[in-house]
Amino acid sequence: MLYYSTNKRSEPLTFREAAISGQAPDKGLYFPEFIPELSKHFLAELKAKTRAEIAFEVIKPYVGGTIPDEVLHTICEETVNFEFPLVQVNESLYSLELYHGPTLAFKDVGARFMSRCLGYFSRDNKRNVTILVATSGDTGSAVANGFLGVEGVDVVILYPSGKVSNIQELQLTTLGRNITALEVKGTFDDCQTMVKQAFADKELNRKLILTSANSINVARWLPQQFYYFYALQQWPYSQPPVVSVPSGNFGNICAGLLAFKSGLPVQHFIAACNSNDVFPVYLQSGVYNPKPSVSTYSNAMDVGNPSNFVRLTELFEGDLALMQQTVSSCSVSDEVTLETIREVFYNENYLLEPHGAVAYAALKQFMNENPGQRGIFLETAHPVKFNTIVEKCIGKVVDIPVSASHLAGLSKKSLIIEPGFQELKDFLMNK
Ligand SMILES: *Cc1c(COP(=O)(O)O)cnc(C)c1O
């Protein structure tokens with residue numbers, strides 16, 4: 001299996017090479033040259049398989065022999081060693097809870113898989129690889145946790161001071177070892193600009209092997225397919241579900257669409273967006289018009305130019321009509337998001353957080369327009385990660401789950417820096 005760049009001006013690479021380089025030199029995204037087809041037998045036996053077996057069989061063709069089977073199997077076992085429960089919320093809607101991993105958000109799966117692949121690929125390296133990430137919260141904690149203690153890899157995280165939730169900050173700043181947290185006195189956009197400058201700086205790149213760990217990277221993007229298989233594994237009906245995915249950079253939904261193209265039965269996909277509505281507008285009009293992001297309560301989806309949009313068009317080979325048959329999209333306001341959290345808590349006795357609430361509201365709207373279906377929405381983070389908003393909606397305190405209770409006793413360790421490239425560069429040059 002080779003990966004070509006969506007800009008078609010860089011050489012095709014193996015999984016190993018694509019995972020190490022992240023983005024293609026021509027600034028395109030790597031895309032598999034073909035989509036493997038799953039056997040009827042595999043799909044019929046889904047319910048009887050373990051999570052690790054499913055992960056292994058789904059990802060093996062994509063890894064294309066660059067990791068030996070025994071190693072890949074262990075990587076899969078470690079990646080998915082927590083639950084992905086499908087919980088019934090009412091008569092026709094189910095929640096796929098993707099927040100039972102170590103940092104309480106769905107990004108754990110991609111980060112755990114990618115870190116173990118890079119750990120394997122860099123086992124004979126003389127120089128450490130440095131992963132540089134800008135985060136608005138969830139990505140940084142998942143990446144830090146996934147890479148903690150991986151030999152040959154250092155992680156440097158930039159986060160905007162005072163703009164991540166308390167629990168997110170503790171997850172970012174208390175790990176130590178090969179993880180360093182830089183607290184930037186600015187916004188998320190400042191952090192992202194600084195990281196981009198670092199990747200473009202010649203002197204820095206002579207000194208360090210810099211890599212990114214966002215969903216542009218195939219090793220983080222592809223394992224997200226697993227969620228959709230675990231959903232179907234627990235689906236109690238013969239009619240396939242409608243699946244609603246809260247979307248920001250569109251990595252998650254693109255992975256779902258890959259699984260679908262491989263043969264996974266899904267009725268229809270919904271890309272649920274907040275007020276950042278570039279994609280819903282595109283589906284309606286055929287015009288893709290990226291714009292600056294606006295901030296919302298579902299801040300992990302505040303993206304004005306989704307990086308995986310090119311993979312979406314690649315999946316449908318630029319055929320808008322075909323995309324419209326498979327995917328719908330809608331934009332959900334902050335007001336409706338809050339109302340949804342409140343209503344679902346008091347009427348259905350189920351607690352959502354803002355990202356899951358956007359997916360729920362979009363699915364509900366689709367069901368009203370297309371009656372007689374059943375569906376699944378993806379709940380991508382634990383409500384405690386967005387407790388200020390959730391508690392405001394329901395007027396109750398959200399309990400911290402046992403898996404995060406240790407954080408309360410830890411003290412934050414971060415290095416405070418000014419926004420702007422120079423201080424970041426000085427730090428990295430002297431590392
Ligand atoms: C990152 C994130 C999303 C958006 O996922 P994409 O793959 O970027 O579309 C949704 N919800 C939460 C909680 C996230 O952290």
Tell me yes or no: between the side chains of Tyr288 and Asn305, is some donor less than 3.5 Å from an acceptor?
yes
Just so I know, are the side chains of Val195 and Val133 near enough to count as touching, which here means a heavy-atom distance under 4.5 Å?
no
Given the rule in the side chain to side chain contact (heavy atoms under 4.5 Å, CB included) test, do Tyr99 and Lys385 qualify, once you have shown the distances and angles that lead to the verdict?
CA-CA 10 Å; Tyr99 57 72; Lys385 288 195 100 171; over 6 Å; no
Can you name the residues that form a side chain to side chain donor-acceptor pair (under 3.5 Å) with Ser10, not counting sequence neighbours?
Asp26
Check this for me, if you would: do Lys8 and Glu314 make a salt bridge, where the nitrogen-to-carboxylate-oxygen distance has to be below 4.0 angstrom?
yes
May I ask you to decide whether Asp277 forms a salt bridge with Lys291, counting only side-chain N to carboxylate O separations under 4.0 Å?
yes
Less than 4.5 Å apart, any side-chain heavy atom of Thr180 and any of Phe427?
yes
Other residues, nucleotides and ligands only: do more than 12 of their heavy atoms fall within 6.0 Å of NZ on Lys27?
no
Would you please say whether a donor-acceptor pair under 3.5 Å links the side chains of Tyr3 and Glu33?
no
Return a table of donor-acceptor pairs under 3.5 angstrom between the side chains of residues 256-268 and protein atoms on other chains or two or more places apart.
residue	atom	partner	partner atom	Å
Lys261	NZ	Leu315	O	2.6
Ser262	OG	Pro36	O	3.1
Ser262	OG	Leu258	O	3.0
His268	ND1	Gln325	O	3.3
His268	ND1	Thr326	O	3.2
His268	NE2	Ser328	N	3.3
His268	NE2	Ser328	OG	2.6

Glu78 and Arg116 ion-paired at < 4.0 Å:
yes
Heavy-atom side-chain contact between Val243 and Leu378 under 4.5 Å
yes
Under 4.0 Å between a Lys/Arg side-chain N and an Asp/Glu carboxylate O for Glu391 and Lys396?
no
How about Glu379 and Glu353: do any of their side-chain heavy atoms sit closer than 4.5 Å?
yes
Check for me whether Arg374 meets the cation-pi criterion with Tyr94, that is, NZ or CZ under 6.0 Å from the six-membered ring centre and within 45 degrees of the ring axis.
no
Please verify the inter-ring angle class for Phe226 with Tyr230; under 30° counts as parallel, over 60° as perpendicular, anything in between as tilted.
tilted
Tyr360 and Phe377 aromatic ring geometry - parallel, tilted or perpendicular at 30°/60° bounds
perpendicular
I'd like to know if the side chain of Asn145 pairs up with that of Gln171 as donor and acceptor (distance under 3.5 Å, no hydrogens or angles considered).
no
Measure the shortest side-chain to side-chain distance between Pro354 and Ile341 over non-hydrogen atoms and say whether it is less than 4.5 angstrom.
yes
Show your reasoning for whether ring-ring contact (aromatic ring centres under 6.0 Å, His included) applies to Phe56 and His73.
CA-CA 6 Å; Phe56 177 79; His73 207 278; 5.1 Å; yes
With sequence neighbours left out, write down each residue that passes side chain to side chain donor-acceptor pair (under 3.5 Å) with Ser39, or none if nothing qualifies.
none
With the threshold set at 4.0 Å, does a side-chain nitrogen-carboxylate oxygen contact exist between Glu77 and Arg51?
no
Assess, by modelled atom type and distance only, whether the side chains of Arg311 and Asn308 contain a donor and an acceptor separated by less than 3.5 Å.
yes
Is the shortest heavy-atom distance from the side chain of Tyr297 to the side chain of Leu338 under 4.5 Å?
yes
Going by side chain to side chain donor-acceptor pair (under 3.5 Å), name the residues that satisfy it together with Tyr346, two or more places apart in sequence or in a different chain.
none
Listed by chain and number, what are the side chain to side chain donor-acceptor pair (under 3.5 Å) partners of Ser307, not counting sequence neighbours?
Asn249
Return yes when atom CD of Glu37 has more than 12 non-hydrogen atoms of other residues, nucleotides or ligands closer than 6.0 Å, and no otherwise.
no
Regarding Asp302 and Ser295, is there a side-chain donor-to-acceptor distance under 3.5 Å anywhere?
no
Side-chain heavy-atom pair Trp221, Gln224 within 4.5 angstrom cut-off:
yes
My understanding is that only residues two or more places apart in sequence, or in another chain, count here; which of them pass side-chain contact (heavy atoms from CB on, under 4.5 Å) with Val150?
Ser115, Val153
Compare all side-chain heavy atoms of Phe121 with those of Ile20 and state whether any distance is below 4.5 angstrom.
yes
Does either side chain, that of Asn276 or that of Ser293, offer a donor lying less than 3.5 Å from an acceptor on the other one?
no
Compute whether any side-chain donor of one residue and acceptor of the other, for Asp190 and Thr187, lie under 3.5 angstrom apart.
yes
Can you name the closest pair of heavy atoms from Phe386 and Ala381 and give their distance?
CE1-CB, 3.7 Å
